[in-house]
Amino acid sequence: MKLIIFGPPGSGKGTQASILAKKNKIPHLSTGDILRSKLEEGDDLGQELSTIMSIGNLVPDSIINPIVADKLLSNDCKNGFILDGYPRNKYQSDFLIDFLKKNNLDIDLIIDFIADTTTVKKRIMERSRIENRSDDNLEVIKTRLDKYFAETQPLAVIFKEKFKDKFFEINATQEITKIQYDIENKLKNAQI
């Protein structure tokens with residue numbers, strides 16, 4: 001099973017990806033996890049990443065794209081994967097679509113988590129309170145949401161056009177179990 005999940009921060013996509021990954025014994029690949037695993041390798045690229053990330057800069061597409069590509073071709077992903085948080089911009093989207101085609105990797109399903117900003121802000125603030133996360137304050141949340149709606153949300157339209165019958169939207173404001181049920185039904189109907 002090969003899935004791509006879109007959705008704003010706080011929409012619950014990470015929660016659902018984790019549930020699906022455990023149930024189907026495939027990796028849940030978030031961009032952050034991929035970068036952290038690369039850092040642990042300690043090679044030249046890992047050291048370059050460490051320098052970039054330690055001063056708070058975003059990892060450029062020219063570095064993140066090949067790292068994601070290597071991960072998708074690794075033994076970890078031979079039985080499938082759930083890609084969460086990638087692609088984030090048009091350049092990454094173009095790279096991923098081209099990479100999938102060149103490597104004969106068929107995506108089984110693309111799920112777009114739809115949630116309004118009020119709901120996701122509330123969820124992120126609740127997560128911040130529970131997990132004591134300093135990066136989840138209202139100013140940071142607003143910046144992350146603005147960036148998502150400006151750069152990442154438009155990619156869903158591209159994927160919807162390119163992967164018509166494999167793309168579906170889900171109401172991410174529902175309860176976790178209802179979202180999970182809707183995804184499971186979609187997977188069954190897609191005969192994955």
Side-chain angles (χ1 to χ4, degrees), residues 3-24 26-40 49-50 52-61 64 67-68 71 81-93 96 109-160 167-187:
L3 306 177
I4 298 174
I5 299 179
F6 286 103
S11 63
K13 64 187 186 305
T15 299
Q16 293 298 326
S18 293
I19 292 168
L20 283 168
K22 284 178 188 162
K23 184 173 183 178
N24 294 284
I26 57 173
H28 167 205
L29 304 175
S30 74
T31 311
D33 292 342
I34 293 170
L35 291 174
R36 281 186 287 280
S37 73
K38 189 64 184 171
L39 282 171
E40 289 171 9
L49 275 177
S50 179
I52 291 167
M53 294 167 71
S54 68
I55 56 175
N57 287 335
L58 291 175
V59 177
D61 295 336
I64 189 73
I67 291 173
V68 170
K71 189 67 176 172
F81 54 82
I82 301 171
L83 203 48
D84 166 17
Y86 182 92
R88 290 182 189 253
N89 60 44
K90 179 75 165 74
Y91 182 74
Q92 290 178 4
S93 172
L96 180 62
L109 206 58
I110 299 163
I111 306 168
D112 189 10
F113 281 57
I114 306 298
D116 60 274
T117 54
T118 303
T119 300
V120 295
K121 282 180 185 176
K122 182 178 165 190
R123 284 181 180 171
I124 293 171
M125 290 310 293
E126 181 65 15
R127 178 179 74 190
S128 176
R129 188 185 63 75
I130 293 169
E131 297 177 10
N132 199 22
R133 287 176 54 160
S134 60
D135 62 329
D136 283 343
N137 61 60
L138 284 174
E139 190 173 317
V140 170
I141 292 166
K142 183 182 181 327
T143 301
R144 287 170 59 200
L145 287 172
D146 288 348
K147 192 167 182 66
Y148 173 81
F149 287 115
E151 292 184 19
T152 308
Q153 179 63 41
L155 304 180
V157 175
I158 294 168
F159 277 76
K160 186 175 188 174
F167 185 97
F168 89 101
E169 295 176 345
I170 194 154
N171 176 357
T173 63
Q174 305 173 94
E175 292 295 319
I176 291 173
T177 53
K178 174 65 171 122
I179 296 170
Q180 188 178 354
Y181 176 80
D182 289 350
I183 292 171
E184 292 290 341
N185 276 342
K186 193 63 178 176
L187 291 170

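- Within the 3.5 Å criterion, the main-chain N or O of Gly85 finds a donor-acceptor partner in the side chain of Thr31.
- A salt bridge is absent between Lys142 and Glu139: the closest approach of a Lys/Arg side-chain nitrogen to an acidic carboxylate oxygen does not fall below 4.0 angstrom.
- No more than 12 heavy atoms of other residues, nucleotides or ligands lie within 6.0 Å of OH in Tyr181, so this atom counts as exposed by the packing criterion.
- When each of Asn171, Leu187, Ile170 is tested with Asp182 by the rule side-chain contact (heavy atoms from CB on, under 4.5 Å), just one qualifies, namely Ile170.
- The closest donor-acceptor contact from the side chain of Tyr148 to the backbone of Gln153 lies at 3.5 Å or more, if one exists at all.
- Ile179 places a side-chain heavy atom less than 4.5 Å from the side chain of Phe113.
- At least one donor-acceptor pair under 3.5 Å links the side chain of Ser18 to the backbone N or O of Gly14.
- In this model, no donor atom of one side chain and acceptor atom of the other lie less than 3.5 Å apart for Asn89 and Glu151.
- Geometrically, Lys186 engages Phe168 in a cation-pi contact, judged by NZ or CZ lying under 6.0 Å from the ring centre and within 45° of the ring axis.
- Exactly one residue among Gln92, Arg88, Lys90 makes a side-chain contact (heavy atoms from CB on, under 4.5 Å) with Asp61. That residue is Gln92.
- Taking OG1 of Thr119 as the start and CD1 of Ile124 as the end, the distance is 11.0 Å to the nearest 0.5 Å.
- At a cut-off of 3.5 Å, with distance as the only test, a side-chain donor of His28 or Asp84 sits close to an acceptor on the other residue.
- Lys13 contributes no side-chain N or O that, together with a main-chain N or O of Ile5, makes up a donor-acceptor pair within less than 3.5 Å.
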* To do: Go through the steps to decide whether Arg129 and Glu126 satisfy the test side chain to side chain contact (heavy atoms under 4.5 Å, CB included), and finish with yes or no.
  => CA-CA 5 Å; Arg129 188 185 63 75; Glu126 181 65 15; 2.6 Å; yes
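- Considering every non-hydrogen atom in both Pro8 and Leu145, the closest pair reads CB-CD2, 3.9 Å.
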